[in-house]
Chemist: 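I have a structure here, written as structure tokens, and I will follow up with some questions on it.
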Amino acid sequence: MLAQQAQAWPSGHTALDAQLPGGGWPLDGLVELLQDAQALGTGASVWQLLAPTLVSRMADRPGVVVLVNAPHAPFGPALRARGIDSERLICVQADSAQTRLWAAEQALRCADALAVLAWLPQARRMQLQRLNVLAKDKLLFVMREARARYEASPAPLRLLIQGGDRLELQLLKRRGPPCIQPVALTALPERLRALLASRRRPSEPARPLAIALPDTALPLQTVPQEH
């Protein structure tokens, strides 16, 4: 049943791919990544989990990765240690929840977007449904707080992320049979751990393209579909 998932992209983690439908992240729907509030505010676990996928996706074709409302600017040296080209990241920041959703929708409609990573802790079910419909041939990851696990969601795949250097993933929802046992991922490489630790000291800033959206951006319901 897991192999029947038609469109998927490898996560880069062998143990995780063995539990994901089609052997990877879906390319036809959103993935919810749930964490406690403190971890959500750092974003470190998300990069640890998604870096292999982003590297392979960016190597496979031209395009950009869009970050919507990331809690911190990506750390350049750590990105390079993982093989991610920071020049192909676009960071979008907005003050209101509605504008962040609007930005995520526009990114999904953009032909050049390979993946969209959106931190949307306030997103509601109907809003997530809109994003889920737009996630066609793109990787879409929405980060929310762990307490959202008790809410209904249109996401075909939901994961609860726990742990620090060594992540433990609980698959809350997937297509096919339930996953009873959590999936453990290996710890960070020593070199990368040192780079992350150096973030406490002055270092070379990351250089992604940053866009700040005002709250006067078009409302969600008035955005036309691009062809």
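By convention here, the first residue in the shown sequence is residue 1.
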Chemist: Can you confirm whether Q162 sits close enough to L167 that some side-chain heavy atom of one is under 4.5 Å from a side-chain heavy atom of the other?
Modeler: no
Chemist: Please determine whether a side-chain nitrogen of the Lys or Arg among R57 and D85 lies less than 4.0 Å from a carboxylate oxygen of the Asp or Glu.
Modeler: no
Chemist: Do V183 and L34 share a hydrophobic cluster, counting only Ile, Leu, Val, Met, Phe, Trp and Tyr and linking them when any side-chain heavy atoms are less than 4.5 Å apart?
Modeler: no
Chemist: Just wondering, do V64 and L114 contact through their side chains at under 4.5 Å, heavy atoms?
Modeler: no
Chemist: Pick from Q122, E151, Q35: which one makes a side-chain hydrogen bond (donor to acceptor under 3.5 Å, both in side chains) with R144?
Modeler: E151
Chemist: How far apart are the closest heavy atoms of S45 and I161, and which atoms are they?
Modeler: CB-CG2, 4.0 Å
Chemist: Would you indicate whether the side-chain heavy atoms of V65 and M58 approach each other to under 4.5 Å?
Modeler: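 Touching, per the 4.5 Å side-chain cut-off.
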Chemist: For the residue pair L54 and A115, what are the closest heavy atoms and their distance?
Modeler: CD2-CB, 4.0 Å
Chemist: So do the side chains of P121 and L40 get within less than 4.5 Å of each other, counting heavy atoms only?
Modeler: yes
Chemist: To the nearest 0.5 Å, tell me how far L27 CG sits from K136 NZ.
Modeler: 10.5 Å
Chemist: Hydrophobic clustering (ILVMFWY, side-chain heavy atoms < 4.5 Å, transitive) - are L185 and L160 grouped together?
Modeler: no
Chemist: Taking only residues two or more places apart in sequence, or in another chain, which ones meet N132 in a side-chain hydrogen bond (donor to acceptor under 3.5 Å, both in side chains)?
Modeler: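 side-chain hydrogen bond (donor to acceptor under 3.5 Å, both in side chains) check on N132 returns nothing, list empty.
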Chemist: Specify the closest pair of heavy atoms between K138 and A107, including all atoms of both residues, with the distance to one decimal.
Modeler: CE-O, 4.0 Å
Chemist: Could E32 and R149 be called an ion pair, given the rule that one side-chain N must be under 4.0 Å from one carboxylate O?
Modeler: no
Chemist: Can you see whether S56 engages W9 through a side-chain donor-acceptor pair at a distance of less than 3.5 angstrom?
Modeler: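 On atom types as modelled, these side chains qualify, holding a pair under 3.5 Å.
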